There are 2 protein chains.
Amino acid sequence: MATLPSQVTEASPPDARFAPGPGASAGGESAPAQGAPAFSPLYQQIKGLILRSLQSGEWKPGDVIPSEFDLAARFRVSQGTVRKAIDELATDNLLVRRQGKGTFVATHAEQHIQYRFLRLLPDTGDLDGQGPAERRIIECKRLRASAEVARQLGLRTGDPVFLVRRVLAFAAVPAILEDIWLPGSRFKGLTQETLAEDKGPMYALFESQFGVRMVRAVEKIKAVSADPDVASLLGSQPGTPLLSVERVAYTYNDEPMELRRGLYRTDNRHYRNELS
Amino acid sequence: MATLPSQVTEASPPDARFAPGPGASAGGESAPAQGAPAFSPLYQQIKGLILRSLQSGEWKPGDVIPSEFDLAARFRVSQGTVRKAIDELATDNLLVRRQGKGTFVATHAEQHIQYRFLRLLPDTGDLDGQGPAERRIIECKRLRASAEVARQLGLRTGDPVFLVRRVLAFAAVPAILEDIWLPGSRFKGLTQETLAEDKGPMYALFESQFGVRMVRAVEKIKAVSADPDVASLLGSQPGTPLLSVERVAYTYNDEPMELRRGLYRTDNRHYRNELS
DNA sequence: TAGTGGTCTAGACCACATA
DNA sequence: ATGTGGTCTAGACCACTAC
C-alpha cells in the first residue's frame with residue numbers, strides 16, 4: 001500500500017528517477033533498494049501521481065489530460081505502464097477514455113448519464129425522463145455542525161456547515177425531499193439563489209463553482225414512516241412508508257464532502273441496484 | 001458485438017485458426033477478410049470461449065482453470081491476450097485470481113465474503129456477524145407460474161416453479177422474510193428438507209446440488225408497510241415500514257434463474273450501497 | 001525447483017477523430 | 001496526414017505457492 005516516497009518522481013532533471021530502466025529490473029545499476037521497502041507497483045505509483053494532479057486541479061473536470069505517451073515521458077515509464085494506471089482510474093470513473101480524442105477528467109456535467117448517483121427510477125418504462133424535471137429549494141442556511149453531522153463530514157462539532165433542503169419532482173409529482181449538509185469552509189458563498197438558478201445536477205454546480213468533485217458515495221437505506229411535515233412537503237399521507245437514503249459523498253482523497261439525507265416516495269418509482 | 005463465427009476456434013488441428021499471427025496483422029498471407037465482418041477484438045472472443053466453458057460445466061465453481069499459458073496455447077493466441085480476457089472475467093467476479101496458485105472459478109461457497117448479495121448490515125459495528133445466524137424454512141412448494149413470475153423468469157405462464165418462503169434472523173431477532181421463485185425444470189428434487197439441512201448460503205447449495213451459478217442480480221427497492229401476516233412472521237407491528245427488495249438473479253448467459261422478494265426490517269439494520 | 005499469476009517494457013498495427 | 005486510444009504480441013523478470 002504505502003508508496004515509496006518519490007520512488008517515482010516527475011523528474012524535472014532528466015533521468016532523475018529511481019526505479020527500473022528497461023524491464024523493470026534489467027538494468028544492473030539502479031535498484032529500488034531501500035531499508036525495509038514498502039513496495040508498490042510502478043503503475044500504482046503512477047496512478048497516485050495522476051490522482052495528485054487531479055486533486056491539485058492541474059486537470060479540471062471535463063479537461064483532456066496529456067496523452068499516454070506524454071505522461072509516459074513525464075513519469076519516465078513505458079506507455080503500457082501509464083495505460084494500466086489510467087485503466088484503473090477509468091474503471092473507478094475518475095477518468096473517461098475516448099478513442100481518437102484522448103482521456104478526459106470525468107465530470108458530473110456533460111456526462112450523458114446525468115444524475116449518476118440518483119437511483120430512483122420509474123416502475124414502468126425504465127428509459128423515460130432521466131433527471132427530475134423540477135427542483136425546488138426550500139431553504140439554504142448556515143449553521144453549526146451537530147456532533148453527528150460533524151462526525152460524518154470529518155469536522156468538529158460546531159464547525160460551520162450549510163444546510164440545504166429541497167424537493168425534487170417528476171412530472172409535477174414531488175418524489176424526493178432532501179436535506180444536504182456541506183462543510184462551510186469549502187462552499188463559501190453558497191446561496192439559495194445560486195442553487196435555484198442552476199440547471200443540471202447539483203454535483204456539476206459543485207465542480208464549476210466550488211472546485212469540488214464528488215467521486216464516490218456510500219448510502220445507507222432504511223424504510224421509515226412519513227411524519228406530517230414530510231408528508232405535506234411530499235404531498236402524501238402521514239404514515240406513508242418512505243425510503244430513507246443517507247448518503248456520504250467523497251471527493252478525491254476519500255475525504256467526505258457532503259452528507260445528504262433523502263426521503264423517497266416509492267409508490268411509482270423504485271431504487272434500483274445492481275449486484276455482482 | 002457479434003462474434004465472428006469461429007474466427008477463433010479451439011483448433012484441434014494445429015494452426016487451424018483464422019486470425020492474426022504475430023502482431024495481429026503483421027502476417028501478409030491471412031487476414032480476417034470476411035464479407036461484412038462483424039468485428040470483435042480477439043480477447044473478447046477468448047472471453048466468450050472461456051465463458052462457454054464455464055457455462056458448459058467444463059470448469060465448475062471452485063475449480064482451477066488452466067494456466068494463462070495453457071489457455072494461450074489452446075486458443076492459439078498470446079498469453080497477454082488471454083490475460084486481458086481473464087482480467088475482465090475477474091472484474092465481473094466470474095473468476096478469481098490467486099497469485100502463485102492459479103485462476104479459479106468463483107463460487108458462493110468458500111468465498112470468505114459470504115452472502116455476497118446480502119446488503120443488510122447492522123447499524124453499529126459494521127464488522128460484526130456476517131451471515132444470518134438462523135434460517136427457518138417456512139415452506140417449499142411446487143406450483144404454476146403466474147404471469148408476473150413467468151415474465152420475470154423468462155418462462156411461460158403456468159410453467160412449474162418452486163416457491164420457497166423463509167425467515168432469516170440475526171441473534172434470534174427475525175429480520176428478513178423472503179419469497180423465492182425458482183424454475184421447476186432447473187431445480188428438480190428441491191425439497192424443504194434439503195434446504196433446511198443446508199448450512200451456508202443458498203446460492204452455494206444451488207451450485208453444488210443443481211449446477212446453477214448465480215452471477216449477478218438486479219434489485220428494485222421500495223418502502224412498504226407490514227401487513228398483519230408479515231408482521232407476525234417478523235415479530236414486528238402491523239404497519240411498520242419495511243424495505244421491499246425484489247431481486248432477479250441471473251446465471252451465466254444473462255438468463256434469469258431466480259426471482260426473490262424480501263421484506264427487510266430496518267430498525268436496527270440498513271441496506272448498504274456504494275455508488276461510483 | 002518449478003509453476004503460477006503480476007509487472008514492465010517495446011514495438012507493431014488498427015480504429016477513430018480531427019484538421 | 002497526424003495524433004489519440006485500442007489491440008496484440010513477445011520476452012524478461014518478480015512474487016508467491018507448492019513440492
Side-chain angles (χ1 to χ4, degrees), chain A residues 4 7-8 17-28 30-33 37-47 63-73 75-91 95-105, chain B residues 1 3-4 7-8 17-28 30-33 37-47 63-73 75-91 95-105:
Chain A
L4 269 185
Q7 178 176 349
V8 171
R17 213 171 101 264
F18 219 70
S25 50
S30 71
F39 191 70
S40 157
L42 245 193
Y43 76 89
Q44 289 286 3
Q45 302 178 45
I46 303 303
K47 186 179 172 184
D63 284 359
V64 207
I65 71 171
S67 75
E68 296 178 353
F69 189 82
D70 288 350
L71 288 173
F75 297 135
R76 304 190 160 274
V77 298
S78 81
Q79 180 256 9
T81 300
V82 170
R83 166 162 280 266
K84 180 144 190 184
I86 292 181
D87 277 344
E88 293 207 349
L89 292 166
T91 61
L95 297 177
V96 177
R97 295 172 170 290
R98 285 185 211 146
Q99 188 174 145
K101 299 175 80 171
T103 300
F104 297 76
V105 182
Chain B
M1 261 314 130
T3 299
L4 270 187
Q7 179 175 350
V8 171
R17 213 172 100 263
F18 218 73
S25 50
S30 70
F39 191 69
S40 155
L42 246 194
Y43 76 88
Q44 289 284 3
Q45 303 179 42
I46 303 303
K47 186 178 172 184
D63 283 0
V64 206
I65 72 170
S67 74
E68 296 178 352
F69 189 81
D70 289 350
L71 288 173
F75 298 136
R76 305 191 158 273
V77 298
S78 81
Q79 180 256 9
T81 300
V82 171
R83 166 163 278 266
K84 181 146 189 185
I86 292 181
D87 277 345
E88 293 206 349
L89 291 166
T91 60
L95 297 176
V96 178
R97 294 173 171 290
R98 285 187 210 144
Q99 187 175 146
K101 298 174 79 171
T103 299
F104 298 76
V105 182

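Here the structure is a predicted model, which is why all the values come from computation and not from measurement.
- An end-to-end axis angle of 10° holds for the helix from C:dT1-D:dA18 to C:dT18-D:dA1, taken from five base pairs per end and rounded to 10°.
- One can place CD of A:Gln44 at 8 Å from P of C:dT7, the figure rounded to the nearest angstrom.
- Side-chain contact between A:Ile65 and A:Leu95 is present, with heavy atoms from C-beta onward closer than 4.5 Å.
- In plain terms, the two heavy atoms of B:Phe104 and B:Val64 that are nearest each other are CE2-CG2, 3.6 Å.
- Of the candidates D:dA10, C:dT7, C:dT9, D:dA10 carries the atom nearest the B:Ser78 side chain, counting heavy atoms from C-beta on.
- Annotation for A:Gln45 and A:Ser40: closest pair NE2-O, 2.8 Å, computed over non-hydrogen atoms.
- Taken to the nearest 0.5 Å, the CG atom of A:Asp87 stands 9.0 Å off from the OG1 atom of A:Thr103.
- Going from atom NZ of B:Lys84 over to atom CD of B:Glu68 covers 14.0 Å, rounded to the nearest 0.5 Å.
- In this structure, A:Arg98 does not reach the D:dT4 phosphate: none of its side-chain N or O atoms is under 4.0 Å from OP1 or OP2.
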Step-by-step side chain to side chain contact (heavy atoms under 4.5 Å, CB included) determination, B:Ile46 to B:Thr81
CA-CA 8 Å; B:Ile46 303 303; B:Thr81 300; 4.3 Å; yes

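- The distance between atom CZ of B:Arg83 and atom P of D:dA10, rounded to the nearest whole Å, is 16 Å.
- Remark: P of D:dC13 and CG of A:Leu42 are 17 Å apart, rounded to the nearest angstrom.
- The shortest side-chain heavy-atom distance between A:Ile86 and A:Arg97 falls under the 4.5 Å cut-off.
- Atom OH of A:Tyr43 is separated from atom P of C:dT9 by 13 Å (rounded to the nearest Å).
- The separation between A:Ile46 atom CD1 and C:dT7 atom P is 14 Å, rounded to whole Å.
- Not one side-chain nitrogen or oxygen of B:Arg97 sits closer than 4.0 Å to the OP1 or OP2 atom of C:dT4.
- When the P atom of C:dT7 is taken as reference, atom CG of A:Asp87 falls 12 Å away, rounded to whole Å.
- Rounded to a whole Å, the CZ atom of A:Phe69 is 9 Å from the P atom of D:dT4.
- Within the model, atoms OG of B:Ser78 and CZ of B:Arg83 stand 11.0 Å from one another, a figure rounded to the nearest 0.5 Å.
- Distance B:Lys84 NZ to C:dG5 P: 19 Å, rounded to the nearest Å.
- Closest heavy-atom contact between A:Glu88 and A:Tyr43: OE2-CE1, 3.5 Å.
- In this structure, the nucleotide among D:dG5, D:dC8, C:dT9 sitting nearest to the side chain of B:Pro41 is D:dC8.
- Within the 4.0 Å cut-off from OP1 or OP2 of D:dG3, not a single side-chain nitrogen or oxygen of A:Ser67 is found.
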Output a table of nitrogen or oxygen pairs between the protein and nucleotides 16-18 of chain C separated by less than 3.5 Å.
unit_1	atom_1	unit_2	atom_2	d
C:dC16	O4'	A:Gln99	OE1	3.1

